[in-house]
Amino acid sequence: MIQRLGNAPYLLLVGAALFWGGNAVAGKFLAGSLPPVTISFTRLGIGVLIMSPVIIKLFRHERAALREHFKLLLFLAVTGVVGFNLLIYWAVNYTTAINATLLNSTSPLFIFLLSALLIGEKMELKYWVSMAISMVGVLIVITHGSIERMLTLQFNIGDLIMVLAVISWSLYSIFIKKISGKLPSLAIFGFTLALGFMVMIPAVAIELAFVPVSKVNLAEWSALFYIGIFPSICSFLLWNRAVAMIGPSKASISLNLIPVFGTVAAFFILGEVIDIPQIIGGCLVFIGVFITSFTKKKSVHLVEEA
């Protein structure tokens with residue numbers, strides 16, 4: 001049963017998007033208590049602590065491969081493990097939630113374009129169609145079906161930071177495919193998690209020297225442990241496995257599920273209201289992702305697992 005789930009890429013992608021959707025809600029909750037670098041550093045610290053037995057074991061067996069691919073692993077750590085989330089936490093201090101969600105939802109488009117430019121990946125027509133349907137659904141979700149709201153968006157420095165976050169994630173998604181097969185996927189994740197944590201140490205030291213931290217209670221620690229376990233570990237493992245199986249462009253369509261899951265989480269956790277346009281938009285996103293699950297019967301080369 002577990003092996004079947006591990007070989008179902010689109011199911012893995014839905015799970016990754018579900019946890020990342022909750023990440024946005026937890027991040028919003030923590031924004032009033034902790035600065036962005038500290039949030040990112042703490043979540044990575046929790047992830048490294050949980051994964052440390054696995055990371056140590058993998059280091060012993062894959063030390064030579066780590067040295068050989070160190071530069072690429074460091075690049076993945078900076079762009080995906082550190083850069084993407086840190087830039088989002090930074091951006092929401094300057095821009096509205098609707099602008100941030102809109103720009104974050106353009107990730108599939110950036111992945112499509114950068115995949116074509118950097119690795120020459122070609123996409124079938126159905127993937128372009130599914131992306132278009134999903135993007136329409138995303139626009140409906142984040143604008144509540146209001147054309148006026150869509151047309152009156154104003155872009156500022158926070159929006160530019162979000163564009164950098166999207167580009168950072170797109171680069172990670174493309175190059176994670178490049179290293180797949182050269183190292184077990186668990187080793188790739190474990191090493192990039194540890195490298196990301198080490199990269200953050202000087203940054204958090206500087207931030208804490210100048211930015212005060214509010215009192216952190218049980219609720220804040222619960223949110224930190226959530227983002228340290230589910231978005232930081234589970235989502236990455238699910239995403240990396242799926243990308244290794246079907247490639248970054250096909251997997252990228254599922255990213256449009258994040259604002260949908262985020263909306264649902266906000267409804268149950270923060271008490272925000274879900275309206276009819278959001279339900280319609282969410283259905284369109286699911287339809288777009290569902291279209292990509294229909295593939296021709298062919299052999300799939302799976303990544304070797306540790």
Testing the 3.5 Å rule here: is there a donor-acceptor pair between the side chains of R43 and S232?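 Yes.
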
Check the pair V54 / M51 against side-chain contact (heavy atoms from CB on, under 4.5 Å), numbers first and verdict last. CA-CA 5 Å; V54 177; M51 293 290 294; 4.3 Å; yes

For a side-chain contact (heavy atoms from CB on, under 4.5 Å) check, start with the C-alpha distance between L257 and L18, then their side-chain angles and the critical distance, and finish with the verdict. CA-CA 7 Å; L257 289 171; L18 174 63; over 6 Å; no

How far apart are the closest heavy atoms of [X] and [Y], and which atoms are they?
X	Y	result
L195	A77	CB-CB, 3.9 Å
L224	I46	O-CD1, 3.5 Å
S235	A16	OG-O, 3.0 Å
V81	N85	O-ND2, 4.3 Å
F19	L238	CE1-CD1, 4.1 Å
S254	A17	O-CB, 3.8 Å

Within the side chain of [X], is there an N or O that forms a donor-acceptor pair under 3.5 Å with the backbone of [Y]?
X	Y	value
Y10	A251	no
S168	L164	no
E62	L183	no
T192	F189	yes
E220	N217	yes

Any chance you could measure [X], atom [atom1], to [Y], atom [atom2], to the nearest 0.5 Å?
X	Y	atom1	atom2	value
L13	W239	CG	CH2	6.0 Å
N23	F261	CG	CZ	14.5 Å
W90	L87	CH2	CG	7.0 Å
I174	L114	CD1	CG	4.5 Å
E207	S40	CD	OG	8.5 Å
L284	I133	CG	CD1	7.5 Å

[X], [Y]: one ILVMFWY side-chain cluster at the under-4.5 Å cut-off?
X	Y	value
V213	Y89	yes
I39	L208	yes
V48	F59	yes
Y226	W221	yes
F70	I176	yes

Go through the structure and list residues passing side chain to side chain contact (heavy atoms under 4.5 Å, CB included) with R60, not counting sequence neighbours.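 For R60, the residues satisfying side chain to side chain contact (heavy atoms under 4.5 Å, CB included) (neighbours in sequence not counted) are I56.
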
I'd like to check [X] versus [Y] (side-chain heavy atoms, cut-off strictly below 4.5 Å). Are they in contact?
X	Y	result
F236	L193	no
V78	V82	no
L74	K71	no
L171	L118	yes

Quick check on the 6.0 Å ring-centre criterion: do [X] and [Y] meet it?
X	Y	answer
F84	W20	no
F197	F41	yes
W169	Y172	yes

Should the heavy atoms of other residues, nucleotides or ligands under 6.0 Å from NZ of K57 be counted, would the total exceed 12?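 No, because the 6.0 Å sphere around NZ of K57 holds 12 heavy atoms or fewer from other groups.
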
Do other residues, nucleotides or ligands put more than 12 heavy atoms under 6.0 Å from F225 CZ?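 No, not enclosed.
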
